[in-house]
Amino acid sequence: MNSWQTVLVALTIPQVVSGLDNGIGLKPHMGWSSWNVAQCDAASAKYALATADKFISLGLRDLGYEYINIDDCWSTKSRDSAGRLVPDPAKWPNGIKAVTDRIHSMGLKFGLYGCAGDKTCAGYPGNEGHERSDVAQLVSWGVDFWKYDNCYTPCRQNPRPQTCTSPAGTTKTWYAPMRDAILGVQNTKKLHFNLCNWGRDEVWTWGASYGHSWRMSVDNWGDWASVERIGSAAAGIHQYSGPGGFNDLDMLYLGSSKLNVNQERLHFGLWAITKSPLVLGLDLDKISNSTLTIVRNKGLIDINQDSLGKAATTFRPPGAAAPVGGKIYPYWAGPLSDGVVIGLCAGTSAGTYSVNFKDVPGLGGSGAYAWKEMYTGQTGNGASVSFSIDLHDMRVIKVTKAAQNKEKALF
Ligand code: GAL
């Protein structure tokens, strides 16, 4: 190709930012998923519709919670004679389209779950070898979101185990055909593609070319150890998150009684500032007032949904101890379109946590700052903040230049 031909090609081919740049997923997705609620038993129309009603009655839809996602076990155990997936009639008495239509009419979106192997993790039909026809089926049902798991995938072990420890290739190999099938229908339907390869093959380094969000770890089991394991790992990979492709720290496992209220605040706050999708993994019929207060925190949601889409990470103020692997570091910060967010985490000990704004990446220099703390609602002006924080609790502070603040009356 000569140089003129190269210019011509460059002018005529639309700019593709990533392999799956279909214009959606520009902010971390928000919603609910059935898996932590009652595993296979929650993969039903009954749960999907009841949750959609709750999104409205609890004011969650108006705060941005949008996707009602059904996880593993929604189909029958085998395909029909034409090779199609069959929604389990006991769980979907009127089929799936009736549910997506109803959910769409409520201003919400609907997600389903599939798997790159020959079976899903719970042993239902996988999508391997059926990618294009299965995506056509999803489109015909009006499905908006597709989570794609990593069980029973090509493996050197024979027969393939549920979770392969000796994979026959990189996970990219079996995520590509589904990505391509989704790209193939994008003129008809733009599907959000959520990669669930449990952080294998450093998915954060290539996930944006394959999907809109990617699980960067094995499951959140709902305990404090999971919050520590996943939350601490988010610090090292913040640079890979951005509009169109976000690290997915897994569902928000609140309301299960495995975490106390401090731990729930830290869990939600850390997921919010690291720009993880905010996907509730709990039964909204049973949500407590204290959990509801946390998940309805508009200030935190706005930080998560900020148009800049940059994830916060740790920083080390002068005199602070170095981070310890696997533990939640106290000091976090990240840029926002109109300021900076600081997270203070009492991940390992209760105490007074203080920061001078001059030590915070993105603030520095001189100037007066205004701040607001998102859990207590406290506001102030000045050059520093200081909070006494109970064990495993968190404070999230949004900082803006005081002058800008006056004009925009942000707080
Ligand atoms: C796991 C996945 C979970 C859930 C489960 C369903 O592999 O990480 O989020 O989807 O499978 O079987």
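Whatever order the structure lists ligands and atoms in, that order sets their numbers, starting from 1. Source: prediction; values computed, not measured.
Cys pair C115/C151: SG-SG separation is not below 2.5 Å.
One finds a salt bridge joining D134 and R79 here, because a Lys/Arg side-chain nitrogen approaches an Asp/Glu carboxylate oxygen to under 4.0 Å. Looking at D223 and K258, no side-chain N of the basic residue comes within less than 4.0 Å of a carboxylate O on the acidic one, giving no salt bridge. Contact check on K77 versus D88 returns no salt bridge, with no Lys/Arg side-chain nitrogen under 4.0 Å from an Asp/Glu carboxylate oxygen. Look at K147 and D149 and you find no salt bridge, because none of the NZ, NE, NH1 or NH2 atoms lies under 4.0 Å from a carboxylate O. With salt bridges taken as basic N to acidic carboxylate O contacts below 4.0 Å, one links R160 and D118. Salt-bridge check for D306 with K310: failed, with every basic side-chain N at 4.0 Å or more from each acidic carboxylate O.
Annotation: W198 places an N or O atom under 3.5 Å from an N or O atom of ligand 1; distance criterion only. At least one N/O-N/O distance between D71 and ligand 1 falls below 3.5 Å.
F246 does not carry K275 over the face of its six-membered ring by the limits of under 6.0 Å from the centre and within 45° of the normal.
Contacts between C73 and ligand 1 below 4.0 angstrom, taking non-hydrogen atoms only, are absent altogether. Proximity of Q39 to ligand 1, defined as any heavy-atom pair under 4.0 Å, is not found for any part of the residue.
Of all atoms in ligand 1, numbered sequentially from 1 with element shown, those under 4.0 Å from a heavy atom of C196 are 2 (C), 8 (O). For ligand 1, the atoms lying closer than 4.0 Å to a non-hydrogen atom of K147 are 3 (C), 4 (C), 9 (O), 10 (O). The ligand atoms of ligand 1 that sit less than 4.0 angstrom from a heavy atom of M251 are 9 (O). Heavy-atom proximity to C121, at under 4.0 Å, picks out these atoms of ligand 1: 7 (O), 11 (O), 12 (O).
What sits closest to atom 5 (C) of ligand 1 on the protein, heavy atoms only, is W35 CE2, 3.6 Å. Protein heavy atom in closest approach to atom 8 (O) of ligand 1: D219 OD1, 2.5 Å.
Within the 4.0 Å heavy-atom cutoff, R215 counts among the residues contacting ligand 1.
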